[in-house]
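Shown next, in structure tokens, is the structure this report addresses.
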Amino acid sequence: MASLALGFGISAFEQIIPTLSIASGIPIVELQDAATFCREVIDPNQPRVSNQHLVTRSILKNFSVHTQSGYQLREFLVATGLKTRPTSVKRACTVENFVKLDSQRSEEHWGRFETRFPEAIASAENSTLFSRPDLVEVIKDLLALHFARSYEIQVAIQNIRGPGISDFMTAVGLDDAWLVQAHLDRFGFEVTDLVVARGRLEAAVSQEFNSHTESGVYFRLRIPDYFQGAREIVTNSRLQILRPSSANDEFLIGDNPLITPDITRSRLGILDGLPIANAATVIMPLSPKVSVALARQDSEEMINEEMVRELNRFQMQKAMKSVFFRPGSNLETTMATHVLIDNKARWEVH
């Protein structure tokens, strides 16, 4: 519905809400709420937050050490292999205007989920998570949030270039009289040939909608949908807590940290043509010593060095720019000799 509202113009969309409600079966109040939300999102006066974290700070803090300068991590640039000076939790995994519009309200909304992340992660670390069903749900929210609000989803949306306007208009079954009137309203002259009217309307709506895709409006609108979709997938799964069996091994975390591999582990996410619903599991590190994955049964597993390396490799393969790890860990040496990974093609918008 947001695509139609943005394509036709919100005011024009509001005028056809009764017709849309009858054709689609969606209550009028929901359609009006969608129009109101669209209007608020595109309002240039809505306050914004410039620097936004792609990984919540409570997780990044787990990969840091406390210094006189605050909490510091080590950053590794996957394409160049250049390690920066220690990076602060405040700066790590931040993107300027990642959500370009209405970002303050968006940040405040997700902040309500993030406030419980530290407690849930601590419970996973001290092996009490499965005695706390409420915190298990918090971990699932954490996974869904880092899927929905990610580089991966942003690029996927840009590549999709919006939904099929033609398919949508067919699905809601708008009648002939409406098509003729909609054409008159939009172009200022009447066309009685319904095929011509429909084709011209679809082309205009698609063009207008694609401009909203490029501006970031559609991404802002769709984040809640992707969150809800991911949440519905993870809610029916159990959790597996993964820990390195060796005290010397540690996990690292990338700027696109949620891994959704297929059973062969050759495809790692939606940009590999693998929707989250088709993934074999969902994996994400929570601290240097704990990762969490979806599984059929709740369990805690000790994993060997080879498996730790594979999970760290997944983080590098899916990273947009950087991965981060605890200063002073064995990863200081490991990363210095690591084969570089060129992820540029992965993040191209087609």
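Keep in mind that this is a model prediction, so the values were computed, not measured.
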Taking [X] for the side chain and [Y] for the main chain, is one N or O donor matched with an acceptor at less than 3.5 Å?
X      : Y      : answer
Arg220 : Lys100 : no
Ser106 : Asp102 : no
Ser64  : Lys61  : yes
Asp272 : Leu274 : no
Thr235 : Glu232 : no
Asn256 : Met320 : no

Exercise for the section: Please determine if Arg267 and Asp262 form a salt bridge, counting it only when a charged side-chain N lies under 4.0 Å from a carboxylate O. Expected result: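 Between Asp262 and Arg267 there is a salt bridge, with a charged N closer than 4.0 Å to a carboxylate O.
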Practice task
Output yes when Glu305 and Arg309 qualify as a salt bridge under the 4.0 Å nitrogen-oxygen rule, no when they do not.
Solution key: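 Salt bridge: yes.
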Exercise for the section: Begin from the C-alpha positions of Arg116 and Asp134 and carry the test salt bridge (charged side-chain N to carboxylate O under 4.0 Å, His left out) through to its verdict. Expected result: CA-CA 10 Å; Arg116 296 203 68 190; Asp134 59 323; 3.0 Å; yes
Practice task
Tell me, with the steps shown, if Ser322 and Glu75 meet side chain to side chain donor-acceptor pair (under 3.5 Å).
Solution key: CA-CA 6 Å; Ser322 304; Glu75 179 180 14; 2.5 Å; yes
Exercise for the section: Indicate the atoms forming the closest heavy-atom contact of Gly269 with Glu152, along with that distance. Expected result: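 Result for this residue pair: CA-OE2, 3.3 Å.
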Exercise for the section: Of all the heavy-atom pairs spanning Arg231 and Ala144, show the shortest one and how long it is. Expected result: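 So the two residues come closest at N-CB, 3.8 Å.
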Practice task
Using a cut-off of 6.0 Å, state whether more than 12 heavy atoms not belonging to Arg238 lie near its atom CZ.
Solution key: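 Not buried by this count: 12 neighbours or fewer within 6.0 Å.
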Handout entry: NZ/Lys289: more than 12 non-hydrogen atoms of other groups inside 6.0 Å
Key =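 Yes, enclosed.
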Exercise for the section: Report the residue from Ile283, Val78, Asp255, Ile259 that forms a side chain to side chain contact (heavy atoms under 4.5 Å, CB included) with Gln315. Expected result: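 Answer to the side chain to side chain contact (heavy atoms under 4.5 Å, CB included) test with Gln315 among Ile283, Val78, Asp255, Ile259: Ile259.
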Exercise for the section: Answer with yes or no after comparing the ring centroid distance for Phe251 and Phe63 against a 6.0 Å cut-off, counting only values under it. Expected result: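 Not under 6.0 Å, so no.
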Problem - Pair Phe189 and His183, ring centroids less than 6.0 Å apart - result: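 Between His183 and Phe189, which both carry aromatic rings, the centre distance is below 6.0 Å.
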